[in-house]
Amino acid sequence: ISQKEKPIVITDDYIELFLSQRLEVKVVKPQIKKKEKVTVQDVLSYFTNRFEFFKSILSRRMELFNILSINKISSKSKKFSLIGLVREIEKDRKKVTIEDTTGSVEVLVEDEKNLRYLTLDEVVGLLCVKGGEEIICKKIVWPDLPLKRRVKKTKEEIICVFVSNFNGKGAEAINREIKKLGKNCILFLINSSKFPSQFQKIEIELKNEFSWVYVQDITILLLDEAFLRKYMEEFGDNPLNTLLYLLRKRHLNPEFNSTIYEEDPFLIKTIPDIAVIVSSSQSGAMNYKGVTLISLPKFIIKPIGCSIN
């Protein structure tokens, strides 16, 4: 606003105009394009591409040494690592069958903590020893997030405020709290009714789905808890831990359901800086290898939001 445009009296309209200098925010919902006609070759290519993508990541993991193809396992193999796609899981017997491009093998898993989070059709690394004729997995290794990640920062200080399932009550209190945070605030309203505010608002609807948000160089992953529920039940764990393990798998929906996509929309190629679960049954937060994970309950049930600098 130029000097000559400044009013003699500072009014509410002027303040609103000053605060309305918008920051650039990009919201991208994944393009989920299913193949209409699926052949046997399509399915083979789908799993081969998945295997090769994760193998390239797992091959660089320091924990995995002496990596063998399944057909190279011999009586002389004592301590070695395998990279394979999970074909069968028998958790009561602690047995897992994995396969690679050379064959398949059954493995006894002693890593009970991580066996709980293993899913069909994902690609993992197994740190193994040979016990007689049996192959024993001492540790399950996921593709995971890089250990050394540069923590990204915006050019100027920006505060992101997240509110889930706002129902129209409490807007004044939220506006007062946002005002205390400074002028560069972005209010993300997810699955919410109309919210009267002078601050920059981004309204997003998420129903059993997820979305990517970009604020300058920062990548944010937003997920509806309903999207995670299948794996919450399978893992027997809370929303935050469920999302944590899906991030470690580098795939948001690893189990194959007979649908082939033109491009896998659930593959995590870009690692988020922030991941927020909305419409959640619980509230909480954690940090994992530079990624901030937040579980945000419905405002109409538990009237809280969260802000991130």
Side-chain angles (χ1 to χ4, degrees), residues 1-3 5-29 152-207 209-226 239-240 243 272-287 291-309:
I1 301 172
S2 66
Q3 184 69 33
E5 290 175 320
K6 291 182 180 179
I8 297 172
V9 179
I10 304 298
T11 63
D12 288 342
D13 290 339
Y14 171 75
I15 294 171
E16 186 171 348
L17 179 62
F18 178 77
L19 291 171
S20 67
Q21 312 306 309
R22 295 301 187 236
L23 297 161
E24 186 178 351
V25 178
K26 188 178 180 182
V27 179
V28 180
K29 286 195 176 183
K152 295 179 186 175
K153 297 180 180 180
T154 51
K155 296 172 185 176
E156 66 272 7
E157 185 176 61
I158 297 173
I159 309 294
C160 290
V161 179
F162 298 91
V163 175
S164 171
N165 299 82
F166 175 76
N167 66 342
K169 296 180 180 179
E172 289 183 9
I174 294 173
N175 278 323
R176 281 197 302 271
E177 292 303 314
I178 295 174
K179 196 170 184 179
K180 295 175 186 177
L181 298 173
K183 67 175 183 178
N184 280 352
C185 286
I186 306 171
L187 173 60
F188 289 91
L189 290 164
I190 304 101
N191 299 340
S192 299
S193 57
K194 294 298 180 182
F195 185 99
S197 178
Q198 63 190 25
F199 299 96
Q200 182 174 353
K201 293 183 296 185
I202 307 294
E203 297 177 343
I204 303 171
E205 284 292 319
L206 290 177
K207 303 298 182 186
E209 57 186 340
F210 64 98
S211 184
W212 294 93
V213 178
Y214 303 93
V215 182
Q216 290 186 10
D217 199 30
I218 303 297
T219 303
I220 302 169
L221 173 62
L222 296 176
L223 309 96
D224 184 9
E225 187 187 281
L240 273 181
L243 177 57
D273 302 291
I274 301 164
V276 183
I277 304 165
V278 300
S279 305
S280 184
S281 53
Q282 297 182 22
S283 61
M286 68 167 71
N287 189 284
V291 179
T292 300
L293 287 82
I294 298 166
S295 183
L296 192 60
K298 295 180 179 181
F299 194 86
I300 55 177
I301 296 173
K302 195 172 183 180
I304 63 171
C306 70
S307 64
I308 303 175
N309 185 324

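By the side chain to side chain contact (heavy atoms under 4.5 Å, CB included) test, Lys180 is found to be paired with Glu177, residues two or more places apart in sequence or in another chain being considered. Residues passing the salt bridge (Lys or Arg N to Asp or Glu O under 4.0 Å) test with Lys155: none are found, sequence neighbours excluded. With sequence neighbours left out, the side chain to side chain donor-acceptor pair (under 3.5 Å) criterion links Asn167 to no other residue. For Asn191, the side chain to side chain donor-acceptor pair (under 3.5 Å) partners are Ser279, not counting sequence neighbours. By the side chain to side chain contact (heavy atoms under 4.5 Å, CB included) test, Lys152 is found to be paired with Arg150, Asp217, Ile218, Thr219, Asp273, residues two or more places apart in sequence or in another chain being considered. Judged as a side chain to side chain donor-acceptor pair (under 3.5 Å), and not counting sequence neighbours, the contacts of Lys29 are Glu209. Qualifying ring-ring contact (aromatic ring centres under 6.0 Å, His included) partners for Phe299, counting only residues two or more places apart in sequence or in other chains: Phe166. Legend: residues meeting side chain to side chain contact (heavy atoms under 4.5 Å, CB included) with Ala285, ordered by chain and number and at least two apart, are Ile294. By the side chain to side chain donor-acceptor pair (under 3.5 Å) test, Glu156 pairs with Gln216, sequence neighbours left out.
Taking CD1 of Ile178 as the reference point, atom SG of Cys185 lies at 6.5 Å (rounded to 0.5 Å). If you take CD1 on Ile174 and OG on Ser307, they are separated by 12.0 Å, rounding to the nearest 0.5 Å. Note: Ile202 CD1 to Phe188 CZ = 5.5 Å, rounded to the nearest 0.5 Å. Note that the CZ atom of Phe199 and the CG atom of Leu181 stand 8.0 Å from one another [nearest 0.5 Å]. Here Leu293 contributes atom CG and Ile277 contributes atom CD1; the two are 7.0 Å apart, rounded to the nearest 0.5 Å. Taking CD1 of Ile304 as the start and CZ of Phe162 as the end, the distance is 14.0 Å to the nearest 0.5 Å.
Annotation for Gln200 and Val25: closest pair NE2-CG2, 3.9 Å, computed over non-hydrogen atoms.
Side-chain contact check for Leu243 versus Leu223: some heavy-atom pair is nearer than 4.5 Å. Taking the side chain as every heavy atom from C-beta outward, Leu23 and Val215 never approach each other to under 4.5 Å. Side-chain contact between Ile300 and Lys169: absent, with no pair of heavy atoms (C-beta onward) separated by less than 4.5 Å. Looking at heavy atoms from C-beta onward, Glu225 lies out of side-chain contact with Val278 at the 4.5 angstrom threshold. Looking only at side-chain heavy atoms (C-beta outward), Ile274 and Ile308 come within less than 4.5 Å of each other. Using a 4.5 Å cut-off on side-chain heavy atoms (C-beta onward), Pro239 and Ser281 make contact. No side-chain heavy atom of Ser211 sits under 4.5 Å from any side-chain heavy atom of Val28. Residues Asn175 and Phe195 meet the side-chain proximity criterion, which asks for heavy atoms closer than 4.5 Å.
The aromatic rings of Trp212 and Phe210 sit perpendicular, their planes meeting at an angle over 60°, well past the 30° parallel limit.
Sorted by first and then second residue, the side-chain hydrogen bond (donor to acceptor under 3.5 Å, both in side chains) pairs with a member in residues 293-305 read Ser280-Ser295, Ser283-Lys302; sequence neighbours excluded. For residues 186-204, the salt bridge (Lys or Arg N to Asp or Glu O under 4.0 Å) pairs, not counting sequence neighbours, are Lys194-Glu203.
Checking side-chain atoms of Glu205 against main-chain N and O of Ile190 turns up no donor-acceptor pair under 3.5 Å. Asn184 places a side-chain N or O within 3.5 Å of a backbone atom of Glu157 that can act as its donor or acceptor partner.
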Decide yes or no on side chain to side chain contact (heavy atoms under 4.5 Å, CB included) for Leu222 and Val213, but give the supporting numbers first.
-> CA-CA 8 Å; Leu222 296 176; Val213 178; 3.8 Å; yes

